[in-house]
Amino acid sequence: MSSDFESYEQDFAVLTAEITGRIGKVPKLVGDEKKQMVANVEKQLEEARELLEQMELEVREIPPQSRGMYSSRMRSYKQEMGKLEADFKRSRIAYSDEVRNELLGDDGNSSENQLIKLREERAHLLDNTERLERSSRRLEAGYQIAVETEQIGQEMLENLSHDREKIQRARERLRETDANLGKSSRILTGMLRRIIQNRILIVVLAVIIIFTTMMAIYFSVRGR
């Protein structure tokens with residue numbers, strides 16, 4: 001399983017490197033070239049998201065005692081993915097020299113004011129975008145913690161269920177032991193009773209024998 005995860009890691013590293021290079025080229029392009037580059041980056045970002053989903057599925061199959069290291073790496077990759085998406089959004093609305101010239105045109109002053117206004121709006125938009133991304137990352141981290149907590153809770157419930165079964169089996173064995181002890185006690189009591197009865201019988205027989213012997217001796221002496 002870990003070999004599959006590492007293979008996805010390598011693919012993700014190569015893909016993100018290509019995305020980073022193409023994002024850097026987007027602001028420098030115009031027209032169809034820029035549209036084509038944007039489309040390529042969007043496609044590669046989608047592939048990167050799919051790789052992350054595959055990696056996350058692989059992590060869920062790892063035993064809980066070995067999952068911590070892989071979960072940490074996944075959080076790092078998700079942060080990298082979020083940074084790439086943020087950089088891509090910035091690159092799409094970045095102004096090239098050609099766009100700036102078109103905005104300035106012949107009327108430099110009014111166009112310059114318009115450009116400043118647009119830049120302020122762009123900065124505001126970027127700030128809102130970053131806030132949304134941070135909120136999204138926090139929500140994602142919270143969701144991940146909730147998933148891990150649910151898994152831990154499920155494992156605890158399973159352990160408690162196993163412990164309960166062990167306790168029940170121990171109780172059954174204890175009941176059987178008590179039953180066997182009771183049976184053994186009754187057997188020993190019966191044996192002791194028979195031993196006492198036999199001893200009493202032996203004493204009675206001894207007394208009878210002694211009495212008979214003494215009577216025989218008495219009548220024998222008296223007859224002489």
Side-chain angles (χ1 to χ4, degrees), residues 1-94 125-170:
M1 199 290 304
S2 60
S3 60
D4 293 336
F5 184 86
E6 291 172 357
S7 176
Y8 290 137
E9 277 185 315
Q10 293 175 0
D11 293 341
F12 184 78
V14 173
L15 188 57
T16 52
E18 293 179 358
I19 293 173
T20 301
R22 289 186 171 183
I23 287 176
K25 296 178 182 178
V26 170
K28 302 175 184 178
L29 301 175
V30 294
D32 292 338
E33 290 184 355
K34 184 172 183 178
K35 291 180 181 179
Q36 184 62 42
M37 184 64 71
V38 167
N40 291 337
V41 174
E42 287 176 342
K43 182 178 179 181
Q44 287 186 314
L45 285 173
E46 184 62 28
E47 292 176 1
R49 295 188 195 99
E50 292 177 357
L51 278 175
L52 282 179
E53 291 177 359
Q54 292 295 329
M55 291 162 69
E56 191 166 9
L57 290 175
E58 293 293 332
V59 170
R60 291 179 182 177
E61 297 297 326
I62 298 175
Q65 59 271 20
S66 305
R67 192 179 299 164
M69 177 184 66
Y70 292 95
S71 297
S72 177
R73 285 153 71 175
M74 280 301 303
R75 285 192 291 271
S76 175
Y77 294 143
K78 288 179 180 179
Q79 290 175 356
E80 182 179 356
M81 188 68 193
K83 184 177 181 300
L84 283 176
E85 292 175 341
D87 292 342
F88 179 52
K89 289 178 182 178
R90 294 189 188 96
S91 70
R92 291 185 64 179
I93 59 177
L125 178 61
L126 287 175
D127 184 57
N128 289 336
T129 301
E130 290 177 355
R131 290 179 183 176
L132 289 174
E133 288 173 353
R134 287 196 296 269
S135 299
S136 177
R137 287 195 293 270
R138 285 196 293 268
L139 288 173
E140 187 175 358
Y143 173 75
Q144 184 66 29
I145 292 172
V147 171
E148 293 177 356
T149 303
E150 181 182 1
Q151 292 174 347
I152 293 172
Q154 185 176 358
E155 292 167 4
M156 291 179 64
L157 289 175
E158 291 176 356
N159 292 333
L160 288 174
S161 177
H162 293 325
D163 293 340
R164 181 181 178 184
E165 292 176 357
K166 291 179 181 178
I167 292 173
Q168 288 178 344
R169 288 196 295 268

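Note that this is a predicted model, so its numbers are computed, not measured.
Remark: Phe12 engages Tyr77 in a ring-ring contact (aromatic ring centres under 6.0 Å, His included) (not counting sequence neighbours). Listed by chain and residue number, nothing satisfies the side-chain hydrogen bond (donor to acceptor under 3.5 Å, both in side chains) test with Glu50 (two or more places apart in sequence, or in another chain). Residues that satisfy the side-chain hydrogen bond (donor to acceptor under 3.5 Å, both in side chains) test with Asn40, not counting sequence neighbours, are Gln36. Residues satisfying the side-chain hydrogen bond (donor to acceptor under 3.5 Å, both in side chains) criterion with Arg73, sequence neighbours excluded, are Glu9. Listed by chain and number, the residues in a side-chain hydrogen bond (donor to acceptor under 3.5 Å, both in side chains) with Glu18 are Gln44 (sequence neighbours excluded).
Side-chain N or O atoms of Ser72 include none that pairs as donor or acceptor with a backbone N or O of Gly68 at under 3.5 Å.
With rounding to the nearest 0.5 angstrom, the CD atom of Glu85 is 9.0 Å from the CD1 atom of Ile23. Distance check, rounded to the nearest 0.5 Å: CG of Asp87 to CD1 of Ile19 gives 11.0 Å. Atoms CZ and CE, on Arg60 and Met55 in that order, are 13.5 Å from each other to the nearest 0.5 Å. Atom OG of Ser71 sits about 9.0 Å away from atom CD of Glu56, to the nearest 0.5 Å. Expressed to the nearest 0.5 Å, how far CG of Asp4 lies from CD of Glu6 amounts to 9.5 Å. Atom NZ of residue Lys34 and atom CE of residue Met37 lie 11.5 Å apart, to the nearest 0.5 angstrom.
Within the 4.5 Å cutoff, no side-chain heavy atoms of Arg164 are placed close to those of Ile167. Residues Leu52 and Met74 have side chains in contact (heavy-atom distance under 4.5 Å, counting atoms from C-beta outward). The shortest side-chain heavy-atom distance between Met81 and Leu45 falls under the 4.5 Å cut-off.
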#### Entry: side-chain contact (heavy atoms from CB on, under 4.5 Å) assessment of Lys83 paired with Gln79
CA-CA 6 Å; Lys83 184 177 181 300; Gln79 290 175 356; over 6 Å; no
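The salt bridge (Lys or Arg N to Asp or Glu O under 4.0 Å) analysis of residues 37-47, with sequence neighbours excluded, yields the pairs Glu42-Arg92, Glu46-Arg49. Sorted by first then second residue, the ring pair (Phe, Tyr, Trp, His ring centres under 6.0 Å) pairs that include residues 15-51, not counting sequence neighbours, number zero.
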